[in-house]
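To start, the structure under review is shown below, and the notes come after it.
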Amino acid sequence: MPHATASWLVDNTALSFEQIAEFCGLHILEVQAIADDTASAKLTGRDPVRAHELTMEEIEKGQDDPSYRLKMLKGPEQVRRTKGPRYTPVSKRQDKPDGIAWIIRNHPEISDGAIGKLIGTTRTTIAAIRDRTHWNIGNITPKDPVTLGLCSQRELDALVAKAAKAAGIEAPTDTRLEGDREALLTQLRAEREQAARDAELGEAGEAPKPLFEDPFRR
């Protein structure tokens with residue numbers, strides 16, 4: 001529950017937005033939205049200390065040093081895949097070629113092996129898209145894999161930076177969020193308000209209403 005944890009850290013510590021975003025795996029604008037939120041429906045904070053994810057000593061280290069990165073306490077060992085591509089939900093597998101095409105077009109410095117690990121696909125598929133011999137190449141449209149939900153922005157940024165460093169070039173600066181801050185904050189607030197309403201309706205035994213009503217639905 002990264003947003004609830006971030007809300008608790010914002011309200012109960014003097015950690016910087018960057019530290020909270022790094023620990024919770026959120027974008028800094030999401031943390032700022034939580035901190036600036038003036039909506040009536042606010043997130044219920046989740047205490048990471050009680051959840052045994054952080055200690056107060058670790059929080060104090062972060063408060064004393066803004067450049068310090070919080071370290072999560074080691075939890076129970078998770079069962080992890082050690083071989084094969086990363087798992088992608090069936091509903092998103094058809095989007096993989098679009099995400100691969102986007103990376104090939106915008107970041108040619110990234111190797112096929114790295115793309116395969118990020119997207120969860122094979123070198124054969126990547127090569128077919130790269131040389132335009134893929135069986136469905138006519139219907140493949142390059143789309144940002146983050147937007148498609150195939151990977152996180154952090155994973156993509158890390159891969160781009162690593163590939164750029166290996167190729168001896170300067171990693172590009174992501175400017176897509178410039179000018180979109182207010183739109184992002186509004187969207188995040190609307191989503192949290194809707195989640196709060198859905199929770200209240202659920203307790204009352206009523207079915208939640210969609211965020212946007214369909215004007216053609218009768």
Side-chain angles (χ1 to χ4, degrees), residues 1-3 6 17-33 69 71-72 75 77-188 191 211-212:
M1 302 175 67
H3 291 86
F17 291 167
E18 289 85 354
Q19 288 173 310
I20 296 174
E22 177 73 22
F23 179 76
C24 297
L26 302 174
H27 194 282
I28 187 172
L29 289 184
E30 294 183 273
V31 178
Q32 188 168 348
R69 292 189 174 186
K71 296 179 178 64
M72 183 179 292
E77 290 295 327
Q78 302 291 324
V79 177
R80 295 187 178 127
R81 292 172 58 89
T82 56
K83 295 182 179 180
R86 67 187 293 171
Y87 174 77
T88 303
V90 176
S91 61
K92 295 186 181 296
R93 291 179 189 175
Q94 62 184 7
D95 296 328
K96 286 185 178 183
D98 292 345
I100 295 168
W102 187 93
I103 295 176
I104 291 174
R105 185 184 69 179
N106 293 279
H107 300 288
E109 70 277 9
I110 299 180
S111 68
D112 289 359
I115 295 175
K117 290 181 180 179
L118 179 71
I119 301 297
T121 188
T122 64
R123 291 174 183 264
T124 302
T125 299
I126 299 170
I129 295 173
R130 189 183 292 278
D131 59 25
R132 302 190 63 80
T133 59
H134 189 277
W135 66 272
N136 195 35
I137 193 65
N139 295 318
I140 294 177
T141 303
K143 295 178 183 177
D144 189 336
V146 176
T147 303
L148 295 174
L150 297 173
C151 65
S152 69
Q153 187 65 54
R154 179 177 297 181
E155 290 174 322
L156 180 59
D157 289 345
L159 184 61
V160 170
K162 182 177 180 180
K165 182 178 180 180
I169 60 178
E170 185 177 353
T173 302
D174 187 356
T175 60
R176 289 174 297 174
L177 288 176
E178 291 183 0
D180 292 340
R181 178 179 177 277
E182 290 303 323
L184 176 59
L185 298 185
T186 300
Q187 178 183 344
L188 290 170
E191 291 175 354
L211 185 57
F212 300 103

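Given the structure is predicted, the values throughout are model-derived calculations rather than measurements.
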Q) For R132, which residues count as a side chain to side chain contact (heavy atoms under 4.5 Å, CB included) partner, sequence neighbours excluded? A) I137
Q. Between I119 and I126, is a side-chain contact (heavy atoms from CB on, under 4.5 Å) present by the stated rule, with each step listed?
A. CA-CA 10 Å; I119 301 297; I126 299 170; over 6 Å; no
Q) Could you walk me through whether S152 and V146 pass the side-chain contact (heavy atoms from CB on, under 4.5 Å) check? A) CA-CA 5 Å; S152 69; V146 176; over 6 Å; no
Q. Which residue, R130, K117, R123, forms the side chain to side chain donor-acceptor pair (under 3.5 Å) with D112?
A. R130
Q: For residues P142 and I140, report the shortest heavy-atom separation together with the two atoms involved.
A: CD-O, 4.0 Å
Q. Do you know which two heavy atoms are closest between G99 and L148, and how far apart they sit?
A. N-CD1, 3.8 Å
Q. How far apart are the closest heavy atoms of P145 and W102, and which atoms are they?
A. CD-CE3, 3.4 Å
**Q.** E30 CD to I20 CD1 distance, which is reported to the nearest 0.5 Å
**A.** 13.0 Å
Q) Are side-chain heavy atoms of L159 and I103 found at a separation under 4.5 Å? A) no
Q.
Going by the rule side chain to side chain contact (heavy atoms under 4.5 Å, CB included), which residues pair with N136 if we only count those two or more places apart in sequence or in a different chain?
A. H134, N139
Q.
Pair I104, I115 - check side-chain contact (heavy atoms from CB on, under 4.5 Å), show working.
A. CA-CA 9 Å; I104 291 174; I115 295 175; 4.2 Å; yes
Q: Kindly write out the residues that satisfy salt bridge (Lys or Arg N to Asp or Glu O under 4.0 Å) with R154, not counting sequence neighbours, or none if the list is empty.
A: none
Q) side-chain contact (heavy atoms from CB on, under 4.5 Å) between D95 and K143: does it pass, once the steps are laid out? A) CA-CA 9 Å; D95 296 328; K143 295 178 183 177; 5.9 Å; no
Q: To the nearest 0.5 Å, tell me how far H27 NE2 sits from Q32 CD.
A: 10.5 Å
Q. When you measure from the side chain of K96 to the backbone N and O of G120, does any donor-acceptor pair fall under 3.5 Å?
A. yes
Q: Measure across P2 and C24 and return the closest heavy-atom pair with its distance rounded to 0.1 Å.
A: CB-O, 3.2 Å
